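Okay, structure first, notes after.
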Amino acid sequence: MKEKDLRRSLSVLPIGTVMKLTSLTARQIRYYEEQGLVFPERNDGNRRMYSLNDIDVILEIKDYLDEGLNISKIQDIYKKRKETNEQNGTSKELSDQEARKILSDELLNIGGLNSKDAENNSF
DNA sequence: GTTCTCACA
DNA sequence: TGTGAGAA
């Protein structure tokens with residue numbers, strides 16, 4: 001389903017929508033971008049346009065924050081996740097399950113949570 | 001009305 | 001991280 005993946009990567013959401021969807025302030029959302037956690041496009045004017053993909057990432061960031069991680073650690077996690085993605089030469093795209101596996105693994109490493117806890121979403 | 005940047009507490 | 005100022 002690449003079509004779906006493309007669609008979810010289309011940045012069409014203004015920060016206001018993201019705020020509602022993530023329950024975060026514009027300040028935080030912009031800050032996370034500054035920290036290289038999300039990469040919104042800058043289409044019209046100078047406005048950030050977020051994709052559904054970004055929403056997902058931000059939601060995950062929020063989750064990590066809830067686990068008591070700081071931005072620096074989250075940056076590290078995402079960096080590692082990206083590396084793992086590229087490292088998988090067999091398939092260009094990693095399945096959602098794989099990505100979540102990696103994330104959960106990271107959570108286990110620092111939070112010491114149960115795998116079952118790490119797998120479910122907060123939403 | 002909404003978002004942007006910069007700066008200060 | 002919140003908030004306010006000034007501009008687009």
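A, B, ... follow the sequence lines: proteins, then strands. Residue 1 opens every chain. Owing to the predicted nature of the structure, the values given are computational and were not obtained by experimental measurement.
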### Message
With rounding to the nearest 0.5 angstrom, report the OG to CD1 distance, A:S23 to A:I58.
### Response
11.5 Å

### Query
Rounded to whole angstroms, how far apart are NZ on A:K20 and P on B:dT3?
8 Å

### Query
For A:G45, which contact category applies under a 4.0 Å heavy-atom criterion: base, sugar-phosphate, or nothing?
nothing

### Query
Are any of the side-chain nitrogens in A:E33 or A:R48 under 4.0 Å away from the carboxylate oxygens of its partner?
yes

### Task
Return the nearest nucleotide to the side chain of A:N46; candidates are C:dT1, B:dC4, B:dT3.
B:dC4

### Query
Whole Å only: how far is the CG atom of A:N43 from the C1' atom of C:dA8?
16 Å

### Along DNA chain B (nearest heavy atom to each residue), the more 5'-positioned of A:R27 and A:M49
A:M49

### Task
Measure the distance from CD1 on A:I29 to C1' on C:dT3 and round it to the nearest whole Å.
16 Å

### Message
Expressed as a whole number of angstroms, how long is the span from A:E33:CD to B:dC6:P?
### Response
12 Å

### Gap between atoms CD and C1', on A:E34 and B:dA7 respectively (whole Å)
13 Å

### Query
Hey, is the side chain of A:R48 poking within less than 4.0 Å of OP1 or OP2 on B:dT5, counting only N and O atoms?
yes

### Query
Quick one: A:R30 CZ to C:dG2 C1', roughly how many Å, whole number?
12 Å

### First encountered from the 5' end of DNA chain C, between A:Y31 and A:R47
A:Y31

## Note on the structure
From CG of A:L37 across to P of C:dT1 the rounded distance in Å is 11 Å

### Task
Round to the nearest Å and state the distance from A:M19 atom CE to B:dT2 atom P.
10 Å

### Message
Would a single hydrophobic cluster contain both A:Y50 and A:Y31, if residues Ile, Leu, Val, Met, Phe, Trp and Tyr are joined by side-chain heavy-atom contacts under 4.5 Å?
### Response
yes

### Query
Which one, C:dA8, C:dT1, B:dT5, comes nearest to the side chain of A:Q28?
C:dT1

### Message
So, taking the atom named CD1 in A:I71 and the one named CG in A:L65, what distance separates them when rounded to the nearest 0.5 Å?
### Response
5.0 Å

### Task
Determine the sole option in A:I15, A:L24, A:V38 for which the side-chain contact (heavy atoms from CB on, under 4.5 Å) test with A:R30 is passed.
A:I15

